[in-house]
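Note that the structure is predicted; figures quoted are calculated from it, not measured. Values reported hereafter were calculated over all heavy atoms of this structure, with side chains retained and with hydrogens, waters and symmetry mates removed.
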Amino acid sequence: MAEPAAKRPKIVRGEDDYLPGNIIEIELCNFMTFDYLKCKPCSRLNLVIGPNGSGKSSIVCAIALGLGGDPSLLGRATSVGAYVKRGEENGYIKISLKGDTKAEHIVITRKISTQNNSDWLFNGKVVPKKEILAVTQRFNIQVNNLTQFLPQDRVCEFAKLTPVQLLKETEKAVGDPQLPIRHDALIQKSHDLKIIERSVERNGETLNQLKALNAEQEKDVKRVRRREALLEKAEAMKKKLPWLKYDMKKAEYMKAKELENDAMSKLNEAAKTLNDFKEPIEKQKKDKVALEAKCKKVGSLISDNAKRRMDIMEKETQLEVQAQGKYKEIQDLRKQEASQQQRILRAKEELAAAESELKNLTSYEPPTAEISKLRASILEMEDSERNMRQRKSEQERSLVQLKTSLQHCLDRLKDMESTKSKLLYALKNSGTEKIYEAYQWLQEHRSSLNKEVYGPVLLEVNVSDRGHASYLEGHIPYYMWKSFITQDSRDRDFLVKNLRPFDVPVLNYVGKSGHHKEPLHIPEKLRALGIYSRLDQVFDAPDAVKEVMISQFGLEYSYIGTAETDQKADDVSKLGIFDFWTPDNHYRWSRSRYGNHVSGSVEPVDRSRLLLCSSDAGEIERLRSKRKDLEDRICDLEESLRPLQSDIRRIEDEASKLRKQREEIVNTIHHHNRKKQEMVNRVDQRKKKLASLQEEDDLDTIVKKLTEQAAEFNAERYKCALRLKELLHEAFSYKRSYADKHMASIEFDTKIREMEISLKEHEKFALQASLHLEYCKKEVEDHRRQLAAAKQQAESVAVITPELEKAFLEMPTTVEELEAAIQDNISQANSILFLNPNILAEYEDRQRQIEAIARKHEADKGELTRCLAEINALKEYWLPTLRNIVSQINETFSRNFQEMAVAGEVSLDEHGSDFDQYGILIKVKFRQAGQLQVLSAHHQSGGERSVSTILYLVSLQDLTNCHLGWLMR
C-alpha cells in the first residue's frame, strides 16, 4: 500500500527547536490569581492541565493581553484594571518571543493598574501600542482571530460563526496575508459593481424615456425656435433701426454741412466780388476827388483870372477915362482958347460936379444878413438832403433784406408744397388716381368758395413721431385721408358737384356740433401700466380737420402705451380702457349688446405708408402769412421811397435857387463897388486936371503935356489890352480845362452811380448769401443736435460690435424697408401658435438632462468595465488560492474524521460575483445511517460540535504561518 500523506509540510527549526514567533518565556506579576509566575514553554505542543481555579485561564489571558489584545476578546472583564490581582494596585505581563535570528531577542512588557492604565515596553523601552502590534503582525499572531486564539469563554462565539464569518477568520489565520485584503477588496468592488450596474440600467431607461419625450416635441420645438429666431431677428433689426436713423441723420448733417460749405464759398465769392467792385468804386471816387480838387483849383484859377481881368479892365477903364479926359482937355483948350482962368474955373466946376455926383451917389450896404441867411438855408437843405439820402439808403437796405427774406420764404414754401406733392402722389399710388387733379381744381377755384376748405386731409395732418403716425394711420380709415372738408353747406354742394369725377369724399364741418374735446389727463394707475398719451394729442391739423377726425373716429378714447403695456394689457382693460396701442400691437375690447360679454382682439401694428412724408400744415400757413406780410412790407417800403425821392429832388431845386439868389446879390455888390470906384477915379482926374491947369504956363505946352499924358495912358491901355488878351487866352484854356474836368467828373459820377447800382445788386446778393449762410449754419446746428441725439439713442439701444456690424450688413438698408422687415418678422412670429408656452424651456432642460445623463451613462459604462477588470484581476489570484487552501483544510479535516471512524468535509460555498456571500461549510456525519450535514445546533449535539470545531482548528495548523495557537477546552 502507498504510504499516507504527511499531515503537514516539514518545518525547518533552529538549533533550539524554536520557530520565529514562539513564546520562550512568560513572566506574570500580580496578575489575576498569580502573585508571581515565570514559566518557559517548550518549542512544541504545550498543554496546561489543572483543576478548576488553578490559573489555566489566567495564563491564556496573560498571553492575549501581553501580545496586544483587548480585554473584550477574552469574554471576561471589559477593562484591563480588572485583571490586576485583588488587593494590588498594579502588575505586569512580560512575554519573550523567538526572533528571526539567533541574536534577536524580543521582550514585550505590559504594565497594568487598577486605574485601567497600560504601559508598553519593548526590550525595556517604553513604546506605543502600535509598535507592539507591528511586532505581532510580523509573526502573524492574531489573538483576536478565533481560529488562532480561542479562549474558553468565547468557544460559544466560534460555534455561532456563520460560513461567511468563518471564511474571513480562516483567511486571516492561514495562507497569504493579502488574501483577506483581496477578499475585502472584492467585496467592495462587487458592491461598487452592483451600484454601477444599477446606475447604468437606471440611466439607460431614463435616457430612453427623455429621448422619446423630446422626439415627440421636436416639431413644436422647431416652430418655437423658428418663432424665437424671428423675434430675435426683429430685435436685432430694432437695434439697427436707431443706427439707420443715425446714418440718415448723419447723411442729412453731411448734406447740410455741404450746403453750409457751398453757402460759405458763395458768400466768400460774393464778398470777393463785392470787394472787387468796391475797389474800382473807391478808386473812381478817389479819382473823382482828385479831379474835383483839380476842378476846384482850375475854378480858383478862373476866379483869379477873372479878378485880374476885372482889375485890368478897371485899370483900362481908368486909363481910358484919363486919356479921354486929356483929349477932352486938349479939345477944350483948342476950342475955347479961353484964358487960363476960365479953364481953371471950368475945371473947378467939373471937379465940383464930379465930387457932387460922388457925394450924391446912393450908399449901398451889402445884405450880409441875407447872405448869411441864404448860406444857413443852403446848409440846412444840404443837411436835410444828406439825412434824406441816408434814410433812403437805409430803406433800400431794408428793402433788400425784406426781398431776401421773401425769397427764402418762397423757397421754403416751395419745399413744403413739394412735400405736399409727395403726399398727393402717395395717395395716388395707394389707389386714388385723380387726387392730384382734385387738389389742383380746388386751388384754382378757391376764390369761388365762401369759407376755407381743407383737403385732402392727409395734407393737413402733421405727425412728428413715426410710431404715432403708424397708430393714427391704423386707426383712421383710408377714405378719410383723401377727403375734403368744408365749413359751409354751399361749399360742400359746390365741391360735391365738381369733384364727383375725381372720386373723392367731401365732408362738411359744422362748428356748433356740440362736440366737446376732453382735456388730456392720464391717471397714475394708467401711467404705472405704461400709458402715456392719447391718440388725439399726437398730431397737428387745422381745427376743423382735427374736430372731424376726433368726432368721427373717437380718437379721444384711444390711448398710447409702451412695451410694458403689452405685458399688462389685461390690467389696462380692467381700468376701463378698451382701445390702446403699443409699439407692437393694437388692443381692442368690445361689449356685446346681446350677451353683454366682452371680447378682445389683438392686431399687429402696421408701418405707416402715407404719413411718413407728412408736412406741417401749421408751418405752411405760417409761411404763407409771412410771405404776405413780407410782400406788404416791401410794397409799403417802396411806396415810402417814392415821396422821399421827390423830397430829395425838391430840396435840390430849392437849394439851387438859393445859390442862384446868393450869386445875384454878390454880383450886385460887385457892380456897385465898380461904379463907386469909377466915380472916385473921375474925381481924382478932375483934381489932377485942375492942378495941372493951375501949374501950366502956356497952351502949347499944356497941350503937348496933355498929349504926352494921353499917349502914356493909351500906351498903358495897350499894355492892359495885351495883358487882357493874355488873360482871356488863359481864361479860355482854364475854362476849357475846367469844362473837360467837369465833364470827366460828370462821367465819374455816372460811372460811380452805375457801379454803385451794380454794387448794390452784389450787396444784395452778398446779403442773401450771408442770410443763406446763417440759415445753413442754423440747419447744420439743428442737424448736429439731431445727430448727437440720434447717436445717443442708438448707443443706448446697442453698441456696435464686429459681430453686430456683420449682422447689420445682411439687413435692409433703409428705414422703411427695415421697419417693414421688422413688422413682417413680428407678424410671422405671432402667426406661429403653440399650446405650451414653456415647451422650449422644457425641451432644452430635458436636452441638458439627456446630455448630462448620457455623459454619466458613458462614464458609468467605463467605470463598469474598469471595475469588472479589477474584479477579474483580484479574482484570478484570490479564488484559486482560496480553493486550494479550502481543499487542503478539507483533506486534513476529512482524514482526521476518518481516523475516528466518522465522516466530515470542508467545502467553499461560492456565490459567483457576490463575494460577500462566500463562506466555508463544515459538514459532518457521526452515524452510519445519517448523511453529511452542515455543522449546526439543529443537527449535531454540543459534543459533536466541539469535536468538529477542534478538528477544524487542528486542520488549520498545517496551513497557518503563525506558530502560536491556543485552545481552551
Side-chain angles (χ1 to χ4, degrees), residues 8-50 54-70 73-74 80 83 85 90-112 118-145 147-152 173-174 177 953-954 956-968:
R8 66 180 69 204
K10 187 174 181 178
I11 299 173
V12 179
R13 296 176 177 270
E15 295 177 358
D16 55 0
D17 201 37
Y18 283 97
L19 292 174
N22 285 162
I23 297 176
I24 298 176
E25 185 180 82
I26 302 172
E27 183 179 345
L28 305 176
C29 179
N30 295 330
F31 186 81
M32 294 184 70
T33 60
F34 296 107
D35 293 329
Y36 181 79
L37 173 67
K38 187 175 184 180
C39 65
K40 295 184 178 180
C42 66
S43 60
R44 302 282 179 161
L45 179 64
N46 292 275
L47 298 176
V48 181
I49 303 173
S54 61
K56 303 184 294 295
S57 298
S58 298
I59 296 174
V60 173
C61 290
I63 293 172
L65 295 175
L67 294 177
D70 292 327
L73 65 87
L74 298 174
V80 72
Y83 291 94
K85 186 177 179 181
N90 50 47
Y92 67 84
I93 304 167
K94 183 185 291 183
I95 300 175
S96 300
L97 299 178
K98 173 69 175 179
D100 291 329
T101 62
K102 184 177 180 180
E104 185 179 13
H105 295 283
I106 299 173
V107 179
I108 298 173
T109 304
R110 183 176 187 179
K111 293 180 179 181
I112 59 177
S118 291
D119 295 324
W120 298 90
L121 288 81
F122 181 71
N123 290 336
K125 288 179 62 178
V126 178
V127 295
K129 183 179 179 181
K130 63 181 181 180
E131 290 193 14
I132 303 302
L133 295 177
V135 172
T136 58
Q137 187 176 1
R138 190 176 75 176
F139 296 110
N140 200 23
I141 297 173
Q142 303 176 31
V143 293
N144 59 345
N145 189 343
T147 61
Q148 276 196 10
F149 182 78
L150 186 61
Q152 76 174 30
V174 301
L953 294 175
V954 170
L956 296 180
Q957 299 304 309
D958 295 336
L959 302 174
T960 183
N961 292 326
C962 177
H963 303 289
L964 175 63
W966 298 89
L967 296 175
M968 294 301 291

**OP:** Could you walk me through whether V60 and V48 pass side-chain contact (heavy atoms from CB on, under 4.5 Å), step by step?
**Re:** CA-CA 10 Å; V60 173; V48 181; over 6 Å; no

**OP:** Check the pair R110, I132 against side-chain contact (heavy atoms from CB on, under 4.5 Å), reporting the backbone distance first and the verdict last.
**Re:** CA-CA 10 Å; R110 183 176 187 179; I132 303 302; over 6 Å; no

Original post:
Pick from V135, I108, I93: which one makes a side chain to side chain contact (heavy atoms under 4.5 Å, CB included) with L67?
Top reply: I108

**OP:** Determine whether I112 and L65 make a side-chain contact, defined as any pair of heavy atoms from C-beta on separated by less than 4.5 Å.
**Re:** no

Subject >> Sequence-distant partners of K129, side-chain contact (heavy atoms from CB on, under 4.5 Å), two or more places apart >> reply: D70, W120, L133

**OP:** Return the minimal non-hydrogen interatomic distance between V107 and S96, and the atom names on each side.
**Re:** CG2-OG, 3.7 Å

Counting only pairs under 3.5 Å, give me each side-chain donor-acceptor contact of residues 23-34, with atom names and distances, residues two or more places apart or in other chains.
| from | atom 1 | to | atom 2 | distance (Å) |
| --- | --- | --- | --- | --- |
| E27 | OE2 | Y36 | OH | 3.0 |
| E27 | OE2 | Y92 | OH | 2.8 |
| N30 | ND2 | N90 | O | 3.2 |

Subject >> Distance in Å, L97 CG paired with N22 CG, rounded so as to fall on 0.5 Å steps >> reply: 8.5 Å

**OP:** For K94, enumerate each residue passing the side chain to side chain donor-acceptor pair (under 3.5 Å) test, keeping only those at least two apart in sequence or located in another chain.
**Re:** none

